[in-house]
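See below for the structure under consideration.
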Amino acid sequence: MRKVRVRFAPSPTGPLHIGGVRTALYNYLFAKKHGGDMLLRIEDTDSARFVPGAEEYIVESLNWLGINIDEGVGAKSPGTHAPYRQSERKAIYRKYVDQLLEKDLAYVAFDTPAELDTKRAEIANFQYDSSTRSLMTNSLTLNGDEVKSRIENGEQYVVRIKIEPDQEIKVQDLIRGEVVVNSSVIDDKVLFKSSDELPTYHLANVVDDYLMEISHVIRGEEWLPSAPLHVLLYQYLGWTEVMPEFAHLPLLLKPDGNGKLSKRDGDRLGFPVFPINWLDSKIGETFSGYREAGYFPEAVVNFLSLLGWNPGTEQEIFSMDELIELFSLERVSKSGAKFDYEKGKWFNHKYLQAKPNIEIAEIFQKVLIEKGINTDFSKVEKIVSLVKERANFVNELWDQSAFFFVAPTEYDAKTVQKRWKDETPTQMTELIDVLKEINEFTPENTEEVVKEWITSKEYNLGGIMNAFRLSVVGEPKGPHIFDIIAVIGKDETIARIKSAINNINS
RNA sequence: GCCGAUGUCGUCUAACGGUUAGGAUAUCAGGUUUUCACCCUGAGGAUGAGAUUUCAAUUAUCUCCAUCGGUACCA
């Protein structure tokens, strides 16, 4: 079997969206599973749609996720099939265009976009193909000298593939099986345009995959309709023996309604659709990314890996190495997957719980510093251990733990009404005296002493505890109250109770 | 319109002719915690429709329907 070489070939027309990330991931998993190479090729054959910064964005995103490029753009070593940007491969394609022209498998066409529009308006379901090419301005309807002189005069032209009608074209797809298409429904696609001396995607991807010795083309389902054209191109160029195998991945759909997940869905629905933040400088708008939203790359990879594939077991949490071990194209599903953001959160929650507190504390301390809070690392670590189970993301930790750092200024009205009775201020004053007497302010000591006091006074346990919590936290939430006061200390605890006595119901 | 692909709980999916159609997530309820969350237990929730083949169809074939994709000098 030949060496596995796959490529991820995005076009730099904007940020890489999460569906593209999944395609890259599946390519990577497949390559690594078979000990092959993962290439990154930039398909920038549309000079008009080029967006500066998009390429760097793609490389940075893949790096963040741990999808390592062996060869091509963003790879550590230069690679043996350079260059890897199609705009830098201009000279290469011309040769194959000429080859097709010589063999009469392609032809030159001069029709302008305006003329094509006119034809489309004139003829219903117009398609540039064997049935209509004789009506158009091209090297099949013009004589040789005319064609020559037009080109010499600098007239713009395109090269179109010449497709024989009524042929059966078979595409073998690793996920979908055999797909058969009649050649009559394929139009004479443009392969090359003189305006920028660049091929279109169709020709470029076939030529590059051939020259780069790609063994498997794993790409989104939106390419399935043009796969027969690509197969034909391999035939025309005489490369059927080394044609890569195809696998067309199901699409990632938007969570509400139907349709492909798109750029604006994310911020519209309140979750990212991009791996990392993307600043669209044209409109001055930032689209949010998973990295900045607080996701762990491992969680994103895990979540994405299961959107369209599963190993057939009930395991849900996988490391990258496990995914590589288990991945197979045969187990990729055929139908589109709706993007379920809630499940994504759950994955991050799982990874957050599994992470050592010390690692989380390192990230969280940075968040605290940004908020102007300088705290002992060991204290941050302790707080993380107390609150992390109720967070999905590191940046939710602040909401869960702010009261450790800042005394409450407001008291939850509902709780006040329910838990702050007429006798409460007196009881809280007594509590202060009780706490004052405790020298070692550990959770064990304070709990024992406070509970003894409650028992001896025959107070209602719930009444005291809830008022105590309200005083310290301001809300009916958080870890065990005795764990909290051990962290904030005796003085702060007493100060908060005093403050509560003074401020509640006054 | 034409061409192609795809239809299993709300969502991601398992079951590759014989299962009470399984799991996860989400939702709801109970337990736990005298708080919240985590956690535990439980509940409801699906084979798009109709034929055909078969002793037996989620699974095979056909028709219809629906959804998505393609139909550009975009990728």
Side-chain angles (χ1 to χ4, degrees), chain A residues 9-14 20 43-46 48-49 86 109 111-113 116-117 120 124-128 156-160 171 173 175-176 179-182 184-187 189-196 198-202 204-205 219-228 248 250-251 253-260 303 306-317 330-331 333-347 349 353 387-392 400 412 415 418-419 460-466 468-470 473 475-481:
Chain A
S11 66
T13 53
E43 311 235 324
D44 52 352
T45 49
D46 185 357
R49 293 210 312 157
Q86 292 184 330
D111 318 271
T112 64
L116 289 170
D117 281 345
R120 287 189 188 109
N125 296 326
F126 172 82
Q127 178 171 283
Y128 208 125
Q156 303 267 285
Y157 64 91
V158 297
V159 175
R160 286 179 180 273
V171 179
D173 186 281
I175 295 169
R176 286 151 216 284
V179 178
V180 185
V181 169
N182 190 296
S184 298
V185 304
I186 307 175
D187 64 336
K189 278 266 177 301
V190 171
L191 299 178
F192 181 87
K193 43 210 167 36
S194 69
S195 58
D196 55 8
L198 278 169
T200 60
Y201 169 81
H202 302 292
N205 108 87
R219 78 237 289 193
E221 193 187 348
E222 69 268 32
W223 293 110
L224 192 54
S226 51
H248 290 93
L251 261 20
L253 275 19
K254 57 183 72 189
D256 63 331
N258 290 302
K260 233 161 95 171
F303 171 45
L306 260 10
L307 239 38
W309 170 85
N310 81 87
T313 63
E314 287 179 359
Q315 186 180 348
E316 298 231 62
I317 302 296
E330 289 70 34
R331 293 204 63 92
S333 54
K334 298 181 180 75
S335 50
K338 273 190 189 171
F339 190 82
D340 182 12
Y341 187 61
E342 292 302 325
K343 191 89 181 249
K345 284 190 198 165
W346 177 79
F347 275 106
H349 181 259
Q353 304 318 312
V387 302
K388 77 164 176 182
E389 64 193 18
R390 62 204 71 209
N392 292 322
Q400 299 298 339
D412 182 68
T415 315
K418 197 171 164 193
R419 307 291 191 186
N460 175 280
L461 185 66
I464 300 293
M465 297 302 290
N466 287 298
F468 189 12
R469 173 177 298 278
L470 181 64
V473 177
E475 288 176 81
K477 69 169 193 183
H480 284 297
I481 186 69

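The chains referred to below are lettered A, B, ... by the order of the sequence lines, with proteins before strands, and numbering in each begins at 1.
- In this structure, B:G50 and B:C62 make a Watson-Crick or G-U wobble pair, each of the two defining distances being under 3.5 angstrom.
- Take A:F339 and apply the ring pair (Phe, Tyr, Trp, His ring centres under 6.0 Å) test, not counting sequence neighbours, and it matches A:F271, A:F303.
- A:W346 meets the ring pair (Phe, Tyr, Trp, His ring centres under 6.0 Å) test with no other residue; sequence neighbours excluded.
- The two atoms that bring A:E222 and A:L251 nearest to each other are OE1-CD1, 3.2 Å, heavy atoms only.
- Atom CD of A:E314 is separated from atom C1' of B:A15 by 11 Å (rounded to the nearest Å).
- A gap of 33 Å separates the P atoms of B:U13 and B:G30, to the nearest Å.
- B:A37 sits 11 Å from B:U27 when the P atoms are compared, rounded to a whole Å.
- Pair check for B:C16 finds none; no Watson-Crick or G-U wobble contact set falls under 3.5 Å.
- Within 4.0 Å (heavy atoms only), A:N125 reaches at least one base atom of the nucleic acid.
- Using C1' as the reference atom, B:A24 and B:C9 are 12 Å apart when rounded to the nearest Å.
- Separating the CG atom of A:L251 from the C1' atom of B:G7 is a distance of 15 Å, rounded to the nearest angstrom.
- Partners of A:R120 by salt bridge (charged side-chain N to carboxylate O under 4.0 Å, His left out), not counting sequence neighbours, listed by chain and number: A:D117.
- Scanning for side chain to side chain donor-acceptor pair (under 3.5 Å) contacts around A:Q127 gives A:D129, with sequence neighbours left out.
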Can you pull every protein N or O that's under 3.5 Å from an N or O on nucleotides 72-75 of chain B?
residue : atom : partner : partner atom : Å
B:C73   : OP2  : A:R160  : NH2          : 3.4
B:C73   : N4   : A:D111  : O            : 2.8
B:C74   : O2'  : A:D46   : OD2          : 2.6
B:C74   : O2'  : A:R49   : NE           : 3.0
B:C74   : O2'  : A:R49   : NH2          : 3.2
B:C74   : O2   : A:R49   : NH2          : 3.1
B:A75   : OP1  : A:T45   : OG1          : 2.8
B:A75   : OP2  : A:Y201  : N            : 3.2
B:A75   : O3'  : A:E43   : OE1          : 3.3
B:A75   : O2'  : A:S11   : OG           : 2.9

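- At whole-Å resolution of the value, NE2 in A:H480 and P in B:U32 are 14 Å apart.
- Residues that satisfy the salt bridge (charged side-chain N to carboxylate O under 4.0 Å, His left out) test with A:D340, not counting sequence neighbours, are absent from this structure.
- Taking atom P in both B:A49 and B:U58, one finds a spacing of 10 Å when rounded to whole Å.
- Toward the 5′ end of RNA chain B lies the nearest nucleotide of A:E221, the other residue of the pair A:E221 and A:P476 mapping further downstream.
- Nearest-nucleotide positions on RNA chain B for A:R469 and A:G336 put A:G336 closer to the 5' end.
- Taking atom NZ of A:K388 as the reference point, atom P of B:A37 lies 19 Å away to the nearest angstrom.
- Residues forming a side chain to side chain donor-acceptor pair (under 3.5 Å) with A:Y128 (at least two apart in sequence, or on another chain): A:D111, A:N138.
- When all heavy atoms are compared, the tightest approach of A:V181 to A:V185 is CG1-CG2, 3.7 Å.
- Going from the C1' atom of B:U47 to that of B:U33 covers 41 Å, rounded to whole Å.
- When the ring pair (Phe, Tyr, Trp, His ring centres under 6.0 Å) test is applied to A:H202, the partners found at least two apart in sequence or on another chain are A:H230.
- Whole-Å rounding puts the A:I175 CD1 to B:G7 P distance at 13 Å.
- Distance noted for atom P between B:C16 and B:C3: 34 Å (whole Å).
- With hydrogens and angles disregarded, a donor-acceptor distance shorter than 3.5 Å links the side chain of A:S194 to the backbone of A:Y157.
- When heavy atoms are screened at a 4.0 angstrom cut-off, A:G478 is found touching base atoms of the nucleic acid.
- In terms of heavy atoms, A:S335 sits closest to A:P250 at O-CB, 3.2 Å.
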Filtered N/O pairs between nucleotides 8-11 of chain B and protein, under 3.5 Å:
none

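- At a threshold of 4.0 angstrom between heavy atoms, the contacts of A:R176 are confined to the sugar-phosphate backbone, with no base atom among them.
- Residues passing the salt bridge (charged side-chain N to carboxylate O under 4.0 Å, His left out) test with A:D412: none are found, sequence neighbours excluded.
- The CZ-P distance, from A:F303 to B:U25, rounds to 14 Å in whole Å.
- For A:I317 and B:U25, the CD1 to C1' distance is 11 Å, given to the nearest whole Å.
- When the P atom is used for both B:C39 and B:A60, the distance is 38 Å, rounded to whole Å.
- Pair check for B:U67 finds B:A5; Watson-Crick or G-U wobble, both atom distances under 3.5 Å.
- Using atom P as the reference point in both B:U71 and B:C12, the two lie 25 Å apart (nearest Å).
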Show me the protein contacts with nucleotides 38-44 of chain B, counting only N or O atoms at under 3.5 Å.
none

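- Judged by Watson-Crick or G-U wobble contacts below 3.5 Å, the nucleotide B:A56 has no partner.
- Smallest separation of non-hydrogen atoms from A:A204 and A:Q86: CB-NE2, 3.5 Å.
- Among the atoms of the strands shown, none is found under 4.0 Å from any heavy atom of A:G220.
- As judged by a 4.0 angstrom heavy-atom cut-off over every strand, A:H248 is placed among residues making no nucleic acid contact.
- Using N1 to N3 plus N6-O4 or O6-N4 for Watson-Crick, or N1-O2 and O6-N3 for G-U wobble, each under 3.5 Å, B:C28 pairs with B:G42.
- No engagement by A:R219 is indicated, since no non-hydrogen atom pair under 4.0 Å with the nucleic acid exists.
- The residue A:P479 sits close to a base: some heavy atom pair falls under 4.0 Å.
- Taking atom CG on A:L253 and atom P on B:A5, their separation rounds to 18 Å, with Å as the unit.
- Residues meeting the salt bridge (charged side-chain N to carboxylate O under 4.0 Å, His left out) test with A:E389, sequence neighbours left out: none.
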